[in-house]
Number of protein chains: 2
Amino acid sequence: MKKSRKTTLSDLSKALNLNISTISRALNDHPKVNETTKKLIKEKAKELDYRPNPLAQGLQKQNTKTIGVIFPTFDTNFFFRVLKGIEKMMHESGYQIIISTAGESRIQEKKAIQSLSSYHVSGIIVFLSFEHEDPSFLIDIQDEGIPLLFMDRIYEEIDANYVISDDFVGMYDTVNQFISKGTKNIIHLQGNLQISTAFNRLLGYKEALLKNKISLNPDFIIPCQHQTEVKTGLRNLFSKYALEDIDLITCYNDYYAFQALEFLKENNIRIPQDIQLLGFANEPLSVYTSPKLSTINQPAEEMGVIASEMILQEIQHNQQGESYQFLTKKMSTFYLKRESTLL
Amino acid sequence: MKKSRKTTLSDLSKALNLNISTISRALNDHPKVNETTKKLIKEKAKELDYRPNPLAQGLQKQNTKTIGVIFPTFDTNFFFRVLKGIEKMMHESGYQIIISTAGESRIQEKKAIQSLSSYHVSGIIVFLSFEHEDPSFLIDIQDEGIPLLFMDRIYEEIDANYVISDDFVGMYDTVNQFISKGTKNIIHLQGNLQISTAFNRLLGYKEALLKNKISLNPDFIIPCQHQTEVKTGLRNLFSKYALEDIDLITCYNDYYAFQALEFLKENNIRIPQDIQLLGFANEPLSVYTSPKLSTINQPAEEMGVIASEMILQEIQHNQQGESYQFLTKKMSTFYLKRESTLL
DNA sequence: ATGGAAATTGCAAACGTTTGCATTGTCTTG
DNA sequence: CAAGACAATGCAAACGTTTGCAATTTCCAT
């Protein structure tokens with residue numbers, strides 16, 4: 001394993017008999033270096049295939065052209081779609097992306113963020129799934145001058161950019177709409193409440209019932225930590241209730257809905273004639289089921305794009321010493337009727 | 001935007017009145033530093049929340065604990081599943097992941113790789129989609145001491161680790177099996193042949209026919225650059241052939257198959273009774289269609305895991321100056337019968 | 001010619017580590 | 001008690017940049 005060294009500034013310096021600082025300035029198009037020498041240097045640089053060392057640059061400038069992205073886990077397609085949006089914008093702007101998953105615990109979330117901070121990333125886009133009773137470490141990161149952008153969750157205490165999708169309103173509006181058109185008995189397959197999105201979707205469901213003065217039947221809220229628990233949950237439900245007792249099943253997300261779909265099909269329950277089914281997220285797969293899944297659309301890729309734009313803005317402002325006004329962008333969600341619902 | 005500085009070795013050095021080198025050694029558990037001082041130093045480090053600066057370390061050691069991953073594009077779920085496998089292994093081993101997409105051109109592929117190299121990543125996992133007439137830049141990277149692992153494509157000229165899924169055999173075996181059980185008229189929806197996987201899958205199809213002395217009907221190979229062209233392709237086919245003339249449609253990948261599925265349903269063609277349909281890749285969505293899609297399984301996540309293990313092995317060997325024997329791991333693909341086929 | 005401003009280039013410190021070598025201190029042993 | 005061995009620590013260079021300041025050169029107006 002022979003190691004061929006890379007050309008450095010000092011190589012160029014020797015080759016051209018010019019001081020290293022002149023070389024550096026020339027390559028950075030610093031105004032006060034002679035145009036002729038500049039050209040000379042650039043040519044030589046190309047000839048020797050000089051490429052700057054981002055580590056050295058980062059160390060010196062305390063800032064790498066790199067964005068950190070932290071996901072909770074990789075188990076839903078939604079995150080990948082967001083990532084796709086981020087990756088598109090960032091690479092257009094010449095930024096590298098470092099990804100990290102936070103896994104299951106608060107501690108891991110914290111570690112992941114700190115690790116990114118020590119890489120001197122230019123900014124961090126975070127999906128935090130857990131509540132942090134003491135989010136001060138987040139403020140610490142900001143104090144280091146690293147812009148933080150939060151996705152899908154708001155911390156009142158923290159002044160930052162936010163991109164959230166309106167989980168609450170999405171569910172609330174849709175359920176409300178169904179009720180107002182006469183739908184009565186509505187189930188909710190509830191996700192892990194530690195995750196804020198699950199919490200907000202449940203809340204939307206409850207509030208819609210409340211507003212319409214429908215009393216909450218606790219049996220109608222089926223808690224599932226994971227999509228694998230959906231079928232059991234439904235089995236329990238139907239051991240207690242008849243088909244006619246149920247009009248619509250709403251779900252924490254599309255994956256829950258897929259499970260429900262399978263369950264219903266297995267039991268020869270017709271969708272939507274016997275029971276209607278509603279997902280959440282509009283995962284790409286939802287077009288391919290049959291019947292095609294009605295769902296609540298969440299513009300995943302667009303969220304990635306917007307988040308990227310916002311954080312790049314903030315970075316740019318900071319670099320130029322301008323003040324910057326934080327924004328909260330609420331991405332609207334909307335009911336998307338396909339075949340698994342009637343209304 | 002106040003900037004709170006991070007604690008560095010020299011901060012610790014001052015605080016403890018010890019030389020910086022002792023601090024460094026202590027924290028790296030170097031044997032020749034007194035156990036008591038070691039403990040002292042570590043405590044202080046924790047107290048001041050010292051975290052090493054990976055940039056400085058990388059610059060010094062010419063190696064960051066970072067793995068680069070290059071994808072062609074992000075438009076199929078397959079890559080995400082591989083990424084999931086990679087991310088799992090790498091974070092277990094304390095490596096960060098930098099991702100990059102190569103986009104549409106050879107030039108971009110080359111740039112992406114070189115950019116990663118200048119980040120002094122410890123290794124690069126690459127999906128290259130294009131043929132490179134001059135792959136010498138890849139060898140250059142290796143010469144810099146950066147292990148390269150190729151996914152899904154073999155370069156005869158380049159000695160490296162490879163993880164490939166057996167596209168050819170997967171398609172060949174399956175088609176062969178169908179023929180031997182009496183299936184006659186088999187279509188292939190062919191992908192973009194610039195991409196090696198598309199090429200190999202087509203080849204598998206052709207060879208299977210050849211082996212069984214079935215003459216190739218050029219009409220039966222329908223070239224589609226993209227899944228969006230599938231329906232048009234099929235429309236053309238059926239303008240020339242009757243339903244009875246076709247027994248089975250094989251596809252470049254599951255997404256092509258999904259399109260075909262829609263087309264067939266739209267035209268009230270029953271699957272699999274009238275026409276059978278076979279995908280490729282076993283994308284997660286293929287369970288949710290109806291009928292459920294039969295496909296050829298490709299163990300995506302596992303490929304990511306294996307690739308990670310292999311490249312970590314190589315890195316470790318290199319670091320210890322041991323010699324390392326390159327491997328080529330061929331992941332087996334297999335026919336997965338679900339509901340869209342009969343056999 | 002000549003003073004001085006402006007343009008160009010060079011010097012050296014700094015970013016935060018790691019590590020070979022030199023130095024100091026401590027202990028053992030004959 | 002001296003000397004050598006070993007343990008512990010310190011010194012300084014190196015990784016490849018950037019950048020404020022100093023030094024040099026060029027040029028123009030007087």
Side-chain angles (χ1 to χ4, degrees), chain A residues 3-41 44-45 48-66 115 117-122 144-145 319, chain B residues 3-42 44-45 48-66 117-122 144-145 319:
Chain A
K3 288 220 181 192
S4 71
R5 269 215 342 48
K6 284 178 186 164
T7 43
T8 71
L9 285 189
S10 105
D11 293 336
L12 289 176
S13 159
K14 277 168 204 152
L16 291 168
N17 210 27
L18 277 170
N19 190 278
I20 220 178
S21 57
T22 311
I23 311 275
S24 167
R25 279 190 267 257
L27 295 174
N28 288 316
D29 265 328
H30 192 287
K32 41 171 79 176
V33 32
N34 189 293
E35 283 303 326
T36 342
T37 45
K38 206 181 264 186
K39 192 166 295 175
L40 194 70
I41 292 174
K44 198 71 178 178
L48 299 187
D49 190 27
Y50 168 78
R51 272 167 286 146
N53 179 334
L55 294 176
Q57 285 179 320
L59 182 59
Q60 164 68 29
K61 308 220 280 188
Q62 304 283 39
N63 169 26
T64 55
K65 282 197 90 177
T66 300
S115 151
S117 122
S118 51
Y119 264 91
H120 286 272
V121 293
S122 313
E144 289 168 10
Q319 279 171 354
Chain B
K3 288 220 183 194
S4 72
R5 266 217 341 49
K6 284 176 187 165
T7 41
T8 70
L9 285 188
S10 103
D11 294 336
L12 288 176
S13 159
K14 277 168 204 152
L16 292 168
N17 210 28
L18 277 169
N19 189 279
I20 219 177
S21 57
T22 311
I23 312 274
S24 166
R25 279 191 266 257
L27 294 173
N28 288 316
D29 265 327
H30 192 286
K32 43 171 79 175
V33 32
N34 189 293
E35 283 302 327
T36 342
T37 44
K38 207 182 262 187
K39 192 166 292 176
L40 195 71
I41 292 175
K42 286 188 178 174
K44 199 69 176 181
L48 299 187
D49 190 26
Y50 169 77
R51 271 168 286 145
N53 180 332
L55 294 176
Q57 287 179 319
L59 183 58
Q60 164 67 30
K61 308 221 278 188
Q62 302 283 37
N63 169 27
T64 56
K65 283 196 90 178
T66 299
S117 123
S118 52
Y119 264 90
H120 286 272
V121 293
S122 313
E144 288 168 10
Q319 279 172 354

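Hydrogens, waters and symmetry mates play no part in the numbers below; they use all other heavy atoms, side chains included. Note on naming: letters A, B, ... go to the chains in the order of the sequence lines (proteins, then strands), and numbering restarts at 1 for each one.
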What is the nucleic acid contact for Thr8(B), judged by heavy atoms within less than 4.0 Å: base, sugar-phosphate only, or nothing? sugar-phosphate
Starting from C1' on dT24(D), measure out to NZ on Lys32(A) and report it in whole angstrom. 14 Å
Assign each of Gln60(A) and Asn34(B) to its nearest nucleotide of DNA chain D by heavy atoms, then name whichever residue's nucleotide is nearer the 5' end. Asn34(B)
Where along residues 22-30 of chain B does a heavy atom fall under 4.0 Å from DNA chain C? Ser24(B), Arg25(B), Asn28(B)
Answer with base, sugar-phosphate or nothing: what part of the nucleic acid does Leu18(B) contact at a heavy-atom distance below 4.0 Å? sugar-phosphate
Contacted region of DNA chain C by chain B, from 5' end to 3' end of the hits, cut-off under 4.0 Å to heavy atoms, spans dG16(C) to dG20(C)
Compare every heavy atom of Ile41(B) with every heavy atom of Ala26(B), then report the nearest pair and how far apart it is. CB-CD1, 3.5 Å
Checking side-chain polar atoms at under 3.5 Å, does Tyr119(A) have a donor or acceptor matched by the opposite partner on Thr66(B)? yes
Closest approach of Ala45(B) and Leu27(B), non-hydrogen atoms and distance? CB-CD2, 4.0 Å
Could you tell me whether Thr37(A) contacts a base, only the sugar-phosphate backbone, or nothing, with contacts defined as non-hydrogen atoms closer than 4.0 Å? sugar-phosphate
Measure from CG on Leu12(B) to C1' on dT9(D) and round the result to the nearest Å. 16 Å
List the steps, then state whether side chain to side chain contact (heavy atoms under 4.5 Å, CB included) holds for Asn53(B) with Leu59(A). CA-CA 9 Å; Asn53(B) 180 332; Leu59(A) 182 59; 3.9 Å; yes
Can you name the salt bridge (Lys or Arg N to Asp or Glu O under 4.0 Å) partners of Lys44(A), sequence neighbours left out? Glu47(A)
Backbone of Arg51(A) reached by a side-chain donor or acceptor of Ser118(B) within 3.5 Å: no
When every non-hydrogen atom of Asp49(B) is compared with those of Thr7(B), the smallest separation belongs to O-OG1, 3.4 Å
Assuming nearest nucleotide by heavy-atom distance, tell me which of Asn17(B) and Tyr50(A) is located more 5' along DNA chain D. Asn17(B)
Heavy-atom closest pair (Gln319(B) atom, Asn63(B) atom, distance to 0.1 Å) is NE2-ND2, 3.1 Å
